[in-house]
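Have a look at the structure below before the remarks.
Throughout, protein chains are lettered first and strands after them, A, B, ... in sequence-line order, and every chain is numbered starting at 1. From a predicted model like this one, the values you see are computed outputs, not experimental measurements.
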Amino acid sequence: MPELQEGRVGLLLSSVYVGDEQTVYLLFYDPQENSLVTWRDRTNHKPYCYTKMEYKGIAEAICNEDKKLSLQLTTKRDLINDQIIEVVKIVAPDPLSIGGTDSSVRERVRSWEADIKYHENYLYDSGLIPGSYYKRNGESIVNEDYGISGTVKEALKHLTLNNNSSNNSSENGNRYGHISSNGYQDHVISWANLLNQPVPELKRVALDIEVESEEGQMPTPREHERRIIAVGLVGTDDFKKILVLGKRNSAEVEKVNMAEAELCLTEKELIEKTFEVISFYPIVLTYNGDDFDLPYLYARSQDPRIDPISHSAIPKEQVPILVKRDSFVKRGTLAEPVHLRNAIHLDLFRTFQNRSIQIYAFGNKYSEYTLNAISQALLGEGKLDLDLDISELPTQKLAEYCLKDADLTFRLTSFGNNLLMKLLIVIARIARSSLDDVSRFGVNQWIRGMLYYEHRKNNLLIPRREELGAKGSSSTIAIIKEKKYRGGLVVEPKLGIHFNVIVVDFASLYPSIIKVYNLSYETVNCPHHDCENDAGQRIAGTTHWICKKNKGLTSQLIGSLRDLRVRYYKQLSKEISISLEERLLYGVVSQAIKVILNASYGVMGAEIFPLYCLPVADATAALGRTTTFSAIEKCKEIGIDVIYGDTDSLFLKGPSPTKVDEITRWARAKHGVDLEIDKTYRYVVFSELKKNYLGVLSDGTVDVKGLTGKKSHTPPFIRNAFSHMLDILSKVNSENDFESAREKIKSILQENAKNLVSRRIPVQDLSFNVMINKSPDKYGKKIAPSTVKSGSIDGTDIIGKDFHKGLPQHIKAARFLVAKGREIKAGGIISYVKTSTAEGVKPVELAKPEEIDTDKYLESMEVTFDQLLASLNFNFKSLVGQPRQSNLDELFWGGSV
DNA sequence: GCGGACTGCTTACCT
DNA sequence: ACAGGTAAGCAGTCCGCG
């Protein structure tokens, strides 16, 4: 790979540690050449970790024994104890000396910062941020300052001014103590400088391979016995190519009628051509390439059988895939960890599995992690349907199928103006993580990167887990047992139909609280007696207190990001005076920040997060409840009727604009948070249930929350009837309209019940569709101690002859399928119907119409529709008769209402 | 032996 | 593999009952 040339600019994408040279290489994207360039570290940076002075003797002993190691004394700020301390820095020539083997330094002395991957360490220490631009200046790398435009600077000045110059101290960005806000301003400016940089179109290619297989058997990289028969490649600039093995089933060369197709006579040729194509691309995309396509390609490239004439494999140095054979290979993984020599590999399967990406970036539009399901949901188009096994497909079909997969994979990154690529780049900036790591890591690691970077930048010692644990535990009792602390406040909804409802909510409530109350691991339960003994520093309803001397690191980072999103990027993404390209970028930035903000509170209460600190999470939730509760009280006081509320939202019944304005101003002044109008409902229907309601917005849009009729597992025929009912309700404008709506709903329900009982509804439409979260054999193994009787001690009996006993219904159905030889994997959807057979359920594909238990379905309809009908003053039974009565024939259609 | 109260498990959803 | 809170369906146990 070429090196970054003098004066040239590159977008930093990744850092890689090269073991042979004991050196880090940076990978840049050259936006002019659309290629990757590298930069070898010239600073002689070395792996290291720290220990404290009391362990200095041990550190010296280790160094005496292992001459490769050396010691340095230096100082760091220890935030846990709020003091500057002397520390011992242990420097090693290679990362494995610090951690990763049984004899590494971190196994022998109590170490700090020894768990950070070396390639991450390097970025933090160099102050280099992936996703941002750098220029080569002689033998060093310098920031390429894009600067921010004059108008943007003005807007930002405004934002920071609004925060600091208010005469009301409660608007000062923090509610405790007298702490300078300069740090906050600096953060805002540097975030904007970073995030406003443009994102170039990234040249990339998607790759998908097809392998011969026996029927029903999925090939695995471990047993790479089967030939690769097709490779699809789809890239930027409309590049499309499908390589097919030409003589698969006979000596005849097969024919493919596609402009993009190229027939290869041997598998070796096929693989070599694949390698040639990807060598032109800086970024390679796959769907599950980490565990399948790349390791499989590698394994076959090393197998002499790919060339039937010379029996020779492809020399390793010509293979662009590297296999890391190291101790990190987890047991049970199918493949060796793999990466590309000259490109960055993004495995979209892992990216789309990320819950934050799924929920916050793509609005929960997909719920299954197959390429087909995700493409259907996001592109409106799925994989090609196959009626044969891959191996049996005619060559033409195989080529079309494989190319389609590569095409979908590519388009998942290109739709919406390259939304996903831009999002990953912007998250890389915030998380200070390489693009490949961002695409594979969860949100906790993104936030970890952001905070670790900040520690290094300010010479702060990153605390060990147990130091954070010593700050105390939660002091509230959760409502759900097995949970660690109490969460959000949910207000009992007022039953019935309410017209003219305004929903207000606190903009980013938890991040606001983290900002306003100065919450951070070092400021909650800080070491100062002065703060601990100050009644004004205590958090109501908890045993925690907050520091008044120092501004918390997390508070500043999250606070500045929150303000930028709420008051700057959200507006800019709608600002028509700037270019469309800029507007779109600001929209992406706003989304990326939202992802980080939404998780920033949660990670504090998550054990996997390295800066896990329960008191912070506990305090945040407690202050959230206080804030919301206080707003409800205030509403009552000024005469606003609060009919419902959940965590950060309040449903107000017919408030005047003046009163809404009053409560908004009050929230800002009293709590320093933004209470905004979120929605205006023409009317809202509440049952007695929390998190369950229907609302019709001013424009007629129907909002349904939590109701069974909309849940994904509900049978399609109920969901369809439910959606018809919503259509009718959306046309209701006033109390009087309900009368005719009732009649229409009545006829829809009667129609459906009639079809059901006369078995005219296709079995397919009767299926419950439930996700299976574990492999089907992992259910039902736990037996309550009291049920263990002599003779059946462990759960294996249950999987014996009566393997359906005690299992959830979808698992019973899944086991029917397993018995039929179908492979059922965790994360898949099981479709089953309720039957009058012994087990009570059957997978849809095995059920006959006459086996359907129609009574059960009438019950399902009843409970589903009564969630709403009860509030509309009628119920299912009154329409459809008594489904549980014996003479079903005499049901409703006699006209009993 | 049967039914209701209760618990635990599982999934889907809300904020 | 960010949090807690709510709902629902099912399968099981416990307990009372002449």
For the pair made of NZ in A:K774 and C1' in B:dC9, what is the distance, rounded to whole Å? 8 Å

Lys/Arg cation over aromatic A:Y521: A:K471, 6.0 Å, 45° cone: no

Is the Lys NZ or Arg CZ of A:K710 less than 6.0 Å from the centre of A:F722's six-membered ring, within 45° of the axis? no

What's the NZ-C1' distance between A:K812 and B:dT11, to the nearest Å? 16 Å

Atom-pair distance (CD1 on A:I811; P on B:dT11), nearest Å: 6 Å

In A:D648, A:V504, A:L650, A:D505, the residue satisfying side chain to side chain contact (heavy atoms under 4.5 Å, CB included) with A:D678 is A:D505

If a pair satisfies salt bridge (Lys or Arg N to Asp or Glu O under 4.0 Å) and one of its residues is in residues 597-610 of chain A, list it, with sequence neighbours excluded. A:K484-A:E607

Across all chains, not counting sequence neighbours, the salt bridge (Lys or Arg N to Asp or Glu O under 4.0 Å) partners of A:R486 are none

Treating primed atoms plus P, OP1 and OP2 as sugar-phosphate and everything else as base, which nucleotides of nucleotides 2-9 of chain C get B, S or - for protein heavy atoms under 4.0 Å? BSBBBSSS

Going by the salt bridge (Lys or Arg N to Asp or Glu O under 4.0 Å) test, which pairs reach into residues 612-635 of chain A, not counting sequence neighbours? A:E633-A:K636, A:K634-A:E637

Please check the phosphate of B:dT11 (OP1 and OP2 only) for any side-chain N or O of A:Y779 closer than 4.0 Å. yes

Do the side-chain N and O atoms of A:N769 and A:S831 include a donor-acceptor pair separated by under 3.5 angstrom? yes

Is the distance from OP1 or OP2 of B:dT11 to the nearest side-chain N or O of A:H810 less than 4.0 Å? yes

side-chain hydrogen bond (donor to acceptor under 3.5 Å, both in side chains) with A:S723: which residues, sequence neighbours excluded? none

Round to the nearest Å and state the distance from A:L597 atom CG to B:dT15 atom P. 19 Å

Does one side chain, of A:R562 or A:S512, offer a donor that lies under 3.5 Å from an acceptor on the other? yes

Atom-to-atom span, CG of A:N769 to P of B:dC13 - whole angstrom: 11 Å

Whole angstrom is fine here: how far is it from CD in A:Q358 over to P in C:dA1? 13 Å

Just to be sure I understand the rule, does A:D505 reach a base, reach only the sugar-phosphate, or reach nothing, if contact means heavy atoms closer than 4.0 Å? nothing

Using atom names, set out every protein N or O paired with an N or O of nucleotides 3-8 of chain B below 3.5 Å, distance rounded to 0.1 Å.
unit_1 : atom_1 : unit_2 : atom_2 : d
B:dG8  : OP2    : A:K481 : NZ     : 2.8

